[in-house]
Engineer: 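For reference, the structure I am asking about is given below.
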Amino acid sequence: MTALSRGARALFLLGAAVFFGLPLLWLLLAPTRTADDLTTGSPLGFGSLGNVGDAWSHLTSYNDGEITLWIGNSIVYAAASVALALLLCVPAGYALAKHDFAGRRALLTLSIVTMILPPAALVLPLYLEMSALDLTGTVWSVILPLSFYPFGVYLAFLHFQANLPDSLLDAGRVDGASELRLFWSVAVPLARPAIALIAFFGFVRCWTDFFLPFVMLSDDRTFTLQLGLMSLLQSTGAVNNSSGFADLDIHQPEAALAGLVACAPLLIGFVLAQRFLRTGLLAGAEKG
Amino acid sequence: MKTLTTPRPPAVAATRPVTSSDRRRSPRTAAVWILVGPYTVFLVLFGLAPAGYALWTSFVDNGSFSGGRDWAAVFHDYRLGDAAAHVSTYLLLWLPILLLTVLSLAFTLHARPGRTTSALQLVYYLPGAVTGSAAALLWLFMVSPDSSPFAPLLKLMDVKSATDALSGGSVIAVLTVMGVAVHAGGWIVVLYGALNALPKDVLEAAQVDGASAWRTMWHVKLPMVRTYVAFVLISSFASGSQVFVEPTVLSTGAPGQISPTWSVNQLAYTYATQDGDFGKAAALSLAMLAVGVLAAWIVITRTRMYATDSSDSR
C-alpha cells in the first residue's frame, strides 16, 4: 500500500468517525451541562460532574427509583428472549443452509416475509393471541414474540452457507457422527463468531423494542427501561417543552442521561460480541 | 403448516440438477426437523398466525365480509399520496447512500484489519444505539445551528434554525443523514463479520497473484459476500419503505414541523392508534409488505441467495 493510499484510507475512516462519533460525544457531555448551557453554550462544552449527579437523582426521584426496577426488567426480558432466540434460530439456520428438505424454500420465504412485515400489522394480532392465551401483562407476552427472530435465522443461514464447507461435514459423516452431533460438535463451535453476532443483534432488538411491550404491559412496575423512560420523559416534557407538568425536575440534561443509561448496555454488548468477530475462528478449518 | 410438510412433487425434483445434497436427503429428515421444528412452531405462532389474522381483519369487519372496503378507504385517503411521495424520495436518497457508506467502510476496514478496526466499528455503531426520547433530543440539537457540533456544516447549507432544517425540502436531507447515521453501523458490523469469516487461503491466493487491493475487493471479496449484500439490500429496502422512527423522533421534538402522517408506516400507526381502525392499518401494512416482498423476490432470484450447494453460491 502506498503512502498516498494509506493516507486517503486513514482520512476516509477518520472523517466517518467524526460524522458517527460527534452526536454521541455531544450526548455524553450533555448531562454535565445545564439546560440553559445546552442551548447557549459552545456545542461541545463540559459542565461539571456535579450536574451529572443532580440529573441522576432527579431521574431516580421518579416513583421511588422505579428506574432501577425497569433496568432489572429489561435485563430479564432481554436475556430470556435472546437465549430462546439462539436455541431456535442457530439450528434452523444450519439446517436451512446445509440440508435440502421438503419445505426448505417455504421456510426461507416465509421467514423473509415475516422479517419484513411492518410491526404495525403484527402487534395487535399478537396482543389478541396473547390475551386468548391469558398471557397479556405477563413477562411471556414480551419474551415469546421477541424470541421469534427471523433476522437471526437469516444471519445463521448466510453464515453456514458461505463458511461451513460440505467436505467438513462429509468427513464427520465418514467418521460415523450423527447429523445432530455434526451440528453440535462441528458447526456450532466453528460458528461462534456468527452466534455472537446474532446474540448481539437479538439483544439490541429486545433491549430497544418499544411497541410490543407498550401494547402488552399495563402495570408500570413491569415496564422495560425504554418504555419507562419514554413515559417518564414524555409526562415531564423534557424533550418537548410544550407538554407535561413541571413539578419534577426532569429537563434536557436528565433526558440525555436517561438516553446514555438506556444505550450503555448496547455498547457493552457490542464490545463483548466484537471479541469473537476478530478471531476469525474458521481460518484454515478445512485444511486442519 | 400443511404446505411445509408435504414432500416436494417428484416432477420438480427430477428437473433439478442432481447435487450432492440430494443424495443425503431422506434418511436425515428426522434430524433436520429436530433442528428446524422448534423455530417452525414459533414462525407459525408469532409470524404467520398474526399476519394471517391481519389479512383477515383487512377483509372482515365485525364478523362479516366487507370486501375491499378497508383497502379502498386506504387507497382513497388523501394523506397516502403525500406519504408515498415522501417515502419514495427518502428511499431514492437514503438507500444508495446507505449502501455506499456501508460497503465502502466495511471494505476499507477489512483491507487492513488492525487494532483500530474494532474501535472504529464501535464509533460507527454509536448513533444506532441511541433510541426513543433520547434520540429525539439528540437529533433536535444536531440540527439546531446554535448548539450543534455540526454548526459550520449547517451554516454552509444556509440553515438558520432547527425549524429551518425541518421545513420544506431540507427535512428529507435531515432524515437521510439521520437514517444513514442510525442504520449504517449495524450493517458494517454484519458485512465486516462476513468478510472476516471468508477463507483466508482464497484471499492470499489473490494477493500472491498480484491483485491490487481494489481488484481483490471488486473481483474476489464482493462476489463472495454477494448474499450478504443482497440481505442488506432486502432488509434496508423494507425498513426504508416502512420508515417510522426517524420522522416520529423529529416530530415529537418539534411539533407541527413534520406531519404525524409523513410516512406510509406512520399513517398505518395513525389508523391503528388514533382512529382505532385496525382493518385499515392492516390493509396498509400488507400493502407495504407486498412492496417489500416484491423487492426481496427480485433480489433473491438475481443473486441465487437460496442455493444450498456451497460451490454454486460462490
Side-chain angles (χ1 to χ4, degrees), chain A residues 9 12-13 16-17 20-24 26-27 38-39 43-44 88-89 91-92 95 99-103 106 108 112-114 116-118 120-122 124-126 145 148 158 161 163 165-166 179-180 197 208 226 230 233 239-240 252 255-256 258-259 263 266-267 270 274 277 280 282-283, chain B residues 3-4 7-8 21 25 28 31-32 35-36 38-39 42 46-47 50-51 53-54 105 108 118 120 122-127 129-134 136-138 142 147-149 193 196-197 200 227-228 238 242 252-253 265 268-269 272 278 281-282 285 288-289 292-293 296 306 308 310 313:
Chain A
R9 177 182 182 273
F12 178 56
L13 292 177
F20 287 102
L22 268 188
L24 237 284
W26 181 89
L27 192 68
L38 280 176
T39 42
L44 293 172
L88 294 168
C89 65
H99 289 278
D100 200 1
F101 55 97
L108 281 168
I112 215 157
V113 168
T114 47
I116 63 184
L117 194 63
L122 276 193
L124 190 81
L126 276 174
F148 166 59
L158 292 174
Q161 187 193 41
N163 300 301
D166 282 343
E179 289 302 317
L180 293 180
L197 192 67
T208 57
Q226 301 285 343
M230 188 81 94
L233 294 176
V239 178
N240 177 359
Q252 284 148 350
C263 77
L266 302 184
L267 302 181
F270 189 98
Q274 219 174 22
L277 288 176
L282 202 83
Chain B
T3 55
L4 299 184
R8 186 197 301 278
S21 45
R25 213 167 75 196
R28 301 191 175 122
V32 165
L35 294 170
V36 293
Y39 168 71
F42 271 65
F46 302 113
Y53 183 77
L105 284 173
T108 310
S118 327
L120 283 171
L122 176 65
V123 173
Y124 298 159
Y125 185 73
L126 290 173
V130 186
T131 56
S133 302
L137 176 83
L138 177 63
M142 289 303 116
S147 54
S148 168
N196 224 16
K200 297 280 180 288
T227 47
Y228 280 91
Q242 295 166 22
T252 50
N265 204 6
Y269 272 74
F278 186 64
S285 296
M288 275 187 277
L289 176 67
V293 168
Y306 287 169
T308 26
S310 47
S313 70

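Letters A, B, ... are given to chains in the order of the sequence lines, protein chains preceding strands, and every chain is numbered from 1. Here the structure is a predicted model, which is why all the values come from computation and not from measurement.
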Engineer: Identify the heavy atoms of A:A255 and B:A134 that sit nearest to each other, and give their distance.
Structural biologist: O-CB, 4.2 Å
Engineer: So which residue, A:A256, A:A92, A:G259, ends up with the most heavy-atom pairs under 4.5 Å with chain B?
Structural biologist: A:A92
Engineer: Measure across B:T227 and A:Q161 and return the closest heavy-atom pair with its distance rounded to 0.1 Å.
Structural biologist: CG2-OE1, 3.9 Å
Engineer: To the nearest 0.5 Å, tell me how far A:C89 SG sits from B:F42 CZ.
Structural biologist: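 So the gap between those two atoms works out to 11.5 Å.
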Engineer: Quick one: of B:A54, B:P38, B:G47, B:A238, who has the most non-hydrogen atom pairs under 4.5 Å with chain A?
Structural biologist: B:G47
Engineer: Of the listed residues (B:N265, B:T108, B:T131), which shares the most heavy-atom pairs with chain A below a 4.5 Å separation?
Structural biologist: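 Maximum pair count with chain A is reached by B:T108.
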Engineer: Using side-chain contact (heavy atoms from CB on, under 4.5 Å) as the criterion, point out the one residue from B:V123, B:L122, B:V130 that pairs with A:L24.
Structural biologist: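 That would be B:V130.
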Engineer: Taking the side chain as every heavy atom from C-beta outward, state whether A:P125 and B:F278 have any pair of such atoms under 4.5 Å apart.
Structural biologist: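 Yes, their side chains come closer than 4.5 Å.
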Engineer: What I'd like to find out is whether the side chain of A:E179 reaches to under 4.5 Å of the side chain of B:V32, using heavy atoms alone.
Structural biologist: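 No, every pair of side-chain atoms sits at 4.5 Å or beyond.
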Engineer: If I measure from the heavy atoms of chain B, does A:F148 come under 4.5 Å with its side chain, its backbone, both, or neither?
Structural biologist: both
Engineer: Is there a side-chain contact between A:F101 and B:L35, using heavy atoms and a 4.5 Å cut-off?
Structural biologist: no
Engineer: Given that the side chain runs from C-beta out, which part of B:S148 has a heavy atom under 4.5 Å from chain A: side chain, backbone, both or neither?
Structural biologist: backbone
Engineer: Where does A:A258 contact chain B at under 4.5 Å (heavy atoms): side chain, backbone, both or neither?
Structural biologist: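 Neither part; nothing is under 4.5 Å.
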Engineer: Counting C-beta onward and ignoring hydrogens, is there a side-chain heavy-atom pair between B:L126 and A:L267 closer than 4.5 Å?
Structural biologist: yes
Engineer: With a 4.5 angstrom heavy-atom cut-off, which part of B:L120 approaches chain A: side chain, backbone, both or neither?
Structural biologist: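 Contact with chain A involves the side chain of B:L120 alone.
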Engineer: Is A:L117 close to chain B through its backbone or its side chain, or both, or neither, when contacts mean heavy atoms under 4.5 Å?
Structural biologist: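 Backbone plus side chain of A:L117, per the 4.5 Å heavy-atom cut-off to chain B.
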Engineer: Between B:Y124 and A:L13, is there a donor-acceptor pair closer than 3.5 Å when you use the side chain of the first and the backbone of the second?
Structural biologist: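 At least one qualifying donor-acceptor pair exists.
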Engineer: Among A:L126, A:T114, A:L108, which residue forms the greatest number of heavy-atom pairs with chain B at distances under 4.5 Å?
Structural biologist: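 Maximum pair count with chain B is reached by A:L108.
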Engineer: Heavy-atom pairs under 4.5 Å with chain B: which of A:L180, A:L158, A:L266 has the most?
Structural biologist: A:L158
Engineer: Which atom pair, heavy atoms only, marks the closest approach of A:L88 to B:Y39?
Structural biologist: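 Answer, listing the atom of A:L88 first, then B:Y39: O-CB, 3.6 Å.
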Engineer: If you compare all heavy atoms of A:P118 against all heavy atoms of B:M288, which two are closest, and at what distance to 0.1 Å?
Structural biologist: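 The answer is CG-CB, 4.0 Å.
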Engineer: Less than 4.5 Å to any heavy atom of chain A: does that hold for the side chain of B:A51, its backbone, both, or neither?
Structural biologist: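 Both backbone and side chain of B:A51 come within 4.5 Å of chain A.
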